[in-house]
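Note that the structure is predicted; figures quoted are calculated from it, not measured.
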Amino acid sequence: MSKFPLPLAEKQAALIADLRLIADPQERLMVIIDMVARLPGLTEVERVEANLVRGCMSRVWLVAEHQGERCRFRCEADAPMVQGLVGLLCHLYDEALPAEVASVEPVLWEALGLTRTLSPTRLNGLAAVRATMRAWALRLG
């Protein structure tokens with residue numbers, strides 16, 4: 001078994017397959033929120049203006065780091081549902097190569113039926129988080 005993470009497209013497909021085992025999209029969303037709630041949050045020092053994502057209705061902080069050749073992402077939001085959603089994005093892109101972060105788009109929302117559940121405002125906020133991650137990865141690449 002390789003010590004390297006799965007390629008990002010495979011990681012996303014596996015995550016979708018696992019979450020699709022839950023038939024109800026609302027229940028899926030609750031599982032996502034619960035799953036991400038167990039991840040470590042940001043420190044007070046990291047919850048600063050410089051780490052706020054522009055374009056989100058809720059306050060969302062994103063910390064991006066480069067470890068070796070991999071990207072590391074951590075985030076926090078001031079609303080539980082938003083925390084779950086952006087946490088899922090961070091989980092997806094964490095440990096990916098910069099080129100993967102820049103090129104592989106998240107298809108989670110559509111594949112899991114969440115685009116019918118989430119408001120346009122939430123989807124726009126998630127797009128803003130994704131755009132921030134992508135821009136950061138492109139600067140590295």
Side-chain angles (χ1 to χ4, degrees), residues 1-22 24-141:
M1 184 164 164
S2 172
K3 68 177 185 169
F4 297 107
L6 285 175
L8 186 53
E10 289 179 37
K11 181 179 181 182
Q12 181 166 226
L15 189 56
I16 290 168
D18 287 348
L19 289 168
R20 273 192 176 158
L21 294 174
I22 304 164
D24 178 37
Q26 286 293 338
E27 190 176 334
R28 265 188 220 133
L29 187 54
M30 293 302 113
V31 168
I32 290 166
I33 291 168
D34 184 54
M35 176 180 77
V36 173
R38 292 182 231 143
L39 298 175
L42 300 180
T43 66
E44 190 173 327
V45 173
E46 294 170 316
R47 288 189 307 271
V48 294
E49 183 76 22
N51 292 333
L52 273 174
V53 177
R54 308 292 176 248
C56 294
M57 294 297 289
S58 297
R59 292 187 330 159
V60 175
W61 296 270
L62 176 67
V63 174
E65 300 167 325
H66 195 233
Q67 286 185 350
E69 59 182 26
R70 302 280 170 175
C71 297
R72 300 303 314 257
F73 293 100
R74 294 179 298 117
C75 62
E76 193 163 314
D78 62 1
M81 181 184 289
V82 176
Q83 174 68 28
L85 296 168
V86 298
L88 187 60
L89 271 182
C90 285
H91 173 72
L92 174 63
Y93 288 101
D94 192 47
E95 296 189 3
L97 297 168
E100 291 177 312
V101 174
S103 64
V104 176
E105 291 302 322
V107 295
L108 294 164
W109 319 127
E110 184 66 37
L112 296 174
L114 296 174
T115 53
R116 294 182 301 273
T117 305
L118 299 174
S119 70
T121 303
R122 286 249 159 81
L123 292 171
N124 287 339
L126 290 169
V129 173
R130 168 62 185 131
T132 302
M133 294 171 129
R134 186 175 191 278
W136 184 83
L138 285 170
R139 284 193 298 275
L140 285 179

- Task: Would you name the heavy atoms of V107 and I16 that are closest together and state the gap between them?
- Result: CG2-CD1, 3.8 Å

- Counting N and O atoms only, with roles assigned by atom type, does the side chain of H66 sit under 3.5 Å from a partner on the main chain of G68, one being a donor and the other an acceptor? yes

- Message: Strictly by side-chain hydrogen bond (donor to acceptor under 3.5 Å, both in side chains), give each pair with a member in residues 99-116 just once, sequence neighbours left out.
- Response: E105-R130, E110-T115

- Take V53 and V86 through the side-chain contact (heavy atoms from CB on, under 4.5 Å) test and state the conclusion after the steps. CA-CA 11 Å; V53 177; V86 298; over 6 Å; no

- Show your working on side-chain contact (heavy atoms from CB on, under 4.5 Å) between C71 and L140 and close with a plain yes or no. CA-CA 9 Å; C71 297; L140 285 179; 4.1 Å; yes

- Considering all heavy atoms, the nearest D78-W61 contact: N-CZ3, 4.3 Å

- Query: Taking Y93 for the side chain and V104 for the main chain, is one N or O donor matched with an acceptor at less than 3.5 Å?
  - Reply: yes

- Message: Are the side chains of M30 and I33 in contact, using a 4.5 Å heavy-atom criterion?
- Response: yes

- Message: Just checking M57: does its CE atom have more than 12 heavy atoms from other residues, nucleotides or ligands closer to it than 6.0 angstrom?
- Response: no

- Item | M133 versus L89, closest heavy-atom pair with distance | CE-O, 3.8 Å

- Note on the structure: Here the gap from L85 atom CG to M81 atom CE, rounded to the nearest 0.5 Å, amounts to 6.5 Å

- Query: Between R28 and L112, is there a donor-acceptor pair closer than 3.5 Å when you use the side chain of the first and the backbone of the second?
  - Reply: yes

- Query: Do L88 and M35 pass the side-chain contact (heavy atoms from CB on, under 4.5 Å) test, and can you show the C-alpha distance, the side-chain angles, and the key distance before you say yes or no?
  - Reply: CA-CA 9 Å; L88 187 60; M35 176 180 77; 3.7 Å; yes

- Test side-chain contact (heavy atoms from CB on, under 4.5 Å) on V101 and F73 and set out the steps. CA-CA 11 Å; V101 174; F73 293 100; 4.0 Å; yes

- Query: Of all heavy-atom pairs between V60 and A77, which one has the smallest distance, and what is that distance?
  - Reply: CG2-CB, 4.0 Å

- Query: Between R70 and A96, is there a donor-acceptor pair closer than 3.5 Å when you use the side chain of the first and the backbone of the second?
  - Reply: no

- Query: Would you call C75 and V129 a side-chain contact if the rule is heavy atoms closer than 4.5 Å?
  - Reply: no

- Note on the structure: Scanning both residues in full, the closest heavy-atom pair of V36 with G84 reads CG2-O, 3.6 Å

- Query: Does the distance from a Lys or Arg side-chain N to an Asp or Glu carboxylate O, for R74 and E46, drop under 4.0 Å?
  - Reply: yes

- If you measure from CG on L97 to CD on E69, what distance do you get to the nearest 0.5 Å? 5.5 Å

- Message: Measuring from atom CD of Q67 to atom CG of D94, what distance do you get when rounded to the nearest 0.5 angstrom?
- Response: 8.0 Å

- Inter-residue atom distance L92.CG - L8.CG, 0.5 Å rounding: 5.0 Å

- Distance in Å, L126 CG paired with C56 SG, rounded so as to fall on 0.5 Å steps: 7.5 Å

- Item | Which atom of P25 lies closest to which atom of L114, heavy atoms considered | O-CD2, 3.7 Å

- Note on the structure: Rounding to 0.5 Å, atoms CD1 (I32) and CG (L15) come to a distance of 7.5 Å

